[in-house]
Protein chains: 2
Amino acid sequence: MNNKEKLRKAGLRPTKQRMIIADILLDGIDRHFTAENLQNEINSSGNSMSIATIYNCLKKFRNCGLIKQVESSKDTAIFDTNINQHHHFLDEETGELIDIENDEVNLHKLPKIPQGYLNNGVEVLIKIKKQI
Amino acid sequence: MNNKEKLRKAGLRPTKQRMIIADILLDGIDRHFTAENLQNEINSSGNSMSIATIYNCLKKFRNCGLIKQVESSKDTAIFDTNINQHHHFLDEETGELIDIENDEVNLHKLPKIPQGYLNNGVEVLIKIKKQI
DNA sequence: TTTTTACTTTAAAATCGTTCTAAACTACTT
DNA sequence: AAGTAGTTTAGAACGATTTTAAAGTAAAAA
Ligand SMILES: [Mn+2]
Ligand SMILES: [Mn+2]
Ligand SMILES: [Zn+2]
Ligand SMILES: [Zn+2]
């Protein structure tokens, strides 16, 4: 399925701007990035785009499940093109994130989900720091 | 150990402002809160404090390990008085966090820590959503 | 105790990531 | 082609957090 079809299937009009972003993000390579990172890539590709459009597009892509947003206490939002359930190493010094595939973690015992709620995904974060 | 001793032990001068905050936060009750939540509690206790001081203090307390900061993609920082290794349920709709004690989770299989790094803490986040 | 020093608090301004506004533009439908 | 609903944009606005710099305070030195 090409990017135009992916956008249509997600219920999004394949505008010029969304296609530029889809061509960068939906190439099957897993990556973590900020809105600013993406704008730099757009610029490097010879295009340009308003930061408002980039944020609009990332929000739409996220809400359609084309990308995810990482839980992070950094003040800049970090997005993730790996939409499978997976986990992360986090170097808190640098903010660097490294993917951990789902089958590399085995959660043997999980607490009971609170009454009235449903499990909506489990994420393991392993904080790491550089050896001295 | 009283709060003044706790601050000294952490290498922090026990100023009037830090003592007010310590009296609120270090009472042994686990809670999740924002800087604004804390300012409201300070005000309710008949005191007042500049928001800059509150941020300064929370950062010092966090860096000394007296409190933790939760990894969260919300745009407002959330702090945690539970400094033991533990886990959370997160209702992404409301942002509500519920503690999961460490012994309620059993991680059977963990990936190898990347070369040159040390494990600095594992956190499990279980996203939950209200049943319809 | 006084003096000195380094650290802390504060209000206000600045910064920074993100969202809003409203006008121009474009994709899709009829 | 004409209509319409959705999208893009520059720039303004916003909200959380940090910085500034001057005044205040705690600890150390004398
Ligand atoms: Mn955050
Ligand atoms: Mn922010
Ligand atoms: Zn990832
Ligand atoms: Zn907690």
Side-chain angles (χ1 to χ4, degrees), chain A residues 2-24 32-43 45 47-64 66-80 95, chain B residues 2-24 32-43 45 47-64 66-80 95:
Chain A
N2 64 30
N3 288 337
K4 188 172 277 192
E5 289 169 338
K6 281 183 195 162
L7 292 177
R8 284 198 201 284
K9 195 177 155 207
L12 298 176
R13 285 189 183 178
T15 64
K16 179 164 170 280
Q17 289 78 0
R18 287 176 183 157
M19 285 301 294
I20 290 168
I21 291 181
D23 287 345
I24 293 173
H32 304 117
F33 63 97
T34 65
E36 196 192 359
N37 296 154
L38 178 57
Q39 191 171 43
N40 291 337
E41 281 208 64
I42 290 166
N43 293 338
S45 76
N47 293 290
S48 78
M49 205 176 296
S50 161
I51 193 66
T53 302
I54 292 172
Y55 277 107
N56 288 343
C57 186
L58 289 174
K59 193 179 284 191
K60 292 271 188 184
F61 278 32
R62 165 167 52 72
N63 292 343
C64 292
L66 293 170
I67 61 176
K68 297 211 288 189
Q69 183 171 354
V70 177
E71 296 292 333
S72 155
S73 60
K74 303 208 68 183
D75 53 7
T76 305
I78 299 170
F79 297 88
D80 194 338
Chain B
N2 64 28
N3 287 338
K4 188 172 277 193
E5 289 170 337
K6 281 184 194 164
L7 291 177
R8 284 198 200 284
K9 195 177 157 211
L12 298 177
R13 287 188 183 178
T15 64
K16 178 165 171 279
Q17 289 79 1
R18 286 176 184 159
M19 286 300 294
I20 290 169
I21 291 180
D23 287 346
I24 292 173
H32 305 118
F33 63 97
T34 65
E36 196 193 358
N37 294 156
L38 178 57
Q39 191 172 43
N40 290 337
E41 280 209 64
I42 291 166
N43 292 339
S45 75
N47 294 288
S48 78
M49 203 175 298
S50 160
I51 193 67
T53 302
I54 292 172
Y55 277 107
N56 287 343
C57 186
L58 288 174
K59 194 180 283 190
K60 292 270 188 187
F61 277 32
R62 164 167 52 72
N63 292 343
C64 292
L66 293 170
I67 61 176
K68 297 211 288 189
Q69 183 172 353
V70 177
E71 296 293 333
S72 154
S73 60
K74 302 209 68 181
D75 54 8
T76 305
I78 299 171
F79 296 89
D80 194 338

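Chain naming here is simple, since letters A, B, ... match the order of the sequence lines and numbering starts at 1 in each.
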- Task: Give one of base, sugar-phosphate or nothing for B:Thr76, where a contact means two heavy atoms less than 4.0 Å apart.
- Result: sugar-phosphate
- Separation of A:Ile42 atom CD1 from D:dT9 atom C1', in whole Å? 14 Å
- Note on the structure: Nearest-nucleotide check on DNA chain D, B:Leu12 vs B:Gln69; residue mapping nearer the 5' end is B:Gln69
- For the pair A:Gln39 (side chain) and A:Met49 (backbone), establish whether a donor and an acceptor sit closer than 3.5 Å, ignoring hydrogens and angles. yes
- Message: Can you tell me if A:Arg13 touches the phosphate of D:dT8, counting only side-chain N or O atoms and a distance under 4.0 Å to OP1 or OP2?
- Response: no
- Message: D:dT7, OP1 or OP2 - any side-chain N/O from A:Lys16 closer than 4.0 Å?
- Response: no
- Task: Can you see which heavy atom on A:Cys64 is nearest to which on A:Ala10, and at what distance?
- Result: SG-O, 3.5 Å
- Task: Please state how far atom CG in A:Asp75 lies from atom C1' in C:dA14, giving the value in whole angstrom units.
- Result: 15 Å
- C:dT8 phosphate, OP1 or OP2, under 4.0 Å from B:Arg18 side-chain N/O: yes
- Query: When B:Leu66 is tested against each of B:Asn3, B:Leu12, B:Ile21, B:Leu58 for side chain to side chain contact (heavy atoms under 4.5 Å, CB included), which residue passes?
  - Reply: B:Leu12
- Message: Using the side-chain heavy atoms of A:Ala52, tell me which of these nucleotides is nearest: D:dA10, D:dT8, C:dT18.
- Response: D:dA10
- A:Phe79 or B:Ile54: which one's nearest nucleotide on DNA chain C is closer to the 5' end? B:Ile54
- Can you tell me how far P of C:dT19 sits from CD of A:Glu36, to the nearest Å? 15 Å
- Can you tell me how far P of C:dA27 sits from CZ of A:Arg8, to the nearest Å? 10 Å
- Task: Could you check whether A:Lys59 gets within reach of a base, just the sugar-phosphate, or nothing at all, counting any heavy atom under 4.0 Å?
- Result: sugar-phosphate
- Item | Euclidean distance, atom CG of residue B:Asn56 to atom P of D:dT19 [Å, nearest integer] | 9 Å
- Could you tell me whether the phosphate oxygens of D:dT7, OP1 or OP2, come under 4.0 Å of any side-chain nitrogen or oxygen in A:Thr15? no
- Task: Give the rounded distance in Å between these two atoms: CG of B:Asn47 and C1' of C:dT10.
- Result: 16 Å
- Query: With distance as the sole test, does A:Arg18 use its side chain to make a donor-acceptor pair with the main-chain N or O of A:Arg13 at under 3.5 Å?
  - Reply: yes
- Task: For A:Gly11 and for B:Pro14, find the nucleotide of DNA chain D with the closest heavy atom, then tell me which residue's nucleotide is more 5'.
- Result: A:Gly11
- To the side chain of A:Tyr55, which of C:dC28, C:dG17, C:dA11 is closest? C:dG17
- Query: A:Leu38 and side chain to side chain contact (heavy atoms under 4.5 Å, CB included): which partner among A:Ile20, A:Ile51, A:Ile24, A:Asn43?
  - Reply: A:Ile24
- Return the value, rounded to whole Å, for the distance between atom NZ of B:Lys4 and atom C1' of D:dT25. 13 Å
- Item | Phosphate OP1/OP2 of D:dT9: any A:Gln17 side-chain N/O under 4.0 Å | yes
- Message: Apply side-chain contact (heavy atoms from CB on, under 4.5 Å) to residues A:Lys9 and A:Lys6 and explain how you reach the verdict.
- Response: CA-CA 5 Å; A:Lys9 195 177 155 207; A:Lys6 281 183 195 162; 5.7 Å; no
- Which listed nucleotide (C:dT19, C:dT10, D:dA27) is nearest to the side chain of B:Thr53? C:dT10
- Query: Below 4.0 angstrom from OP1 or OP2 of C:dC7, is there any side-chain N or O of B:Lys60?
  - Reply: no
- Item | Distance in angstrom units between B:Ile51 CD1 and C:dT8 P, rounded | 19 Å
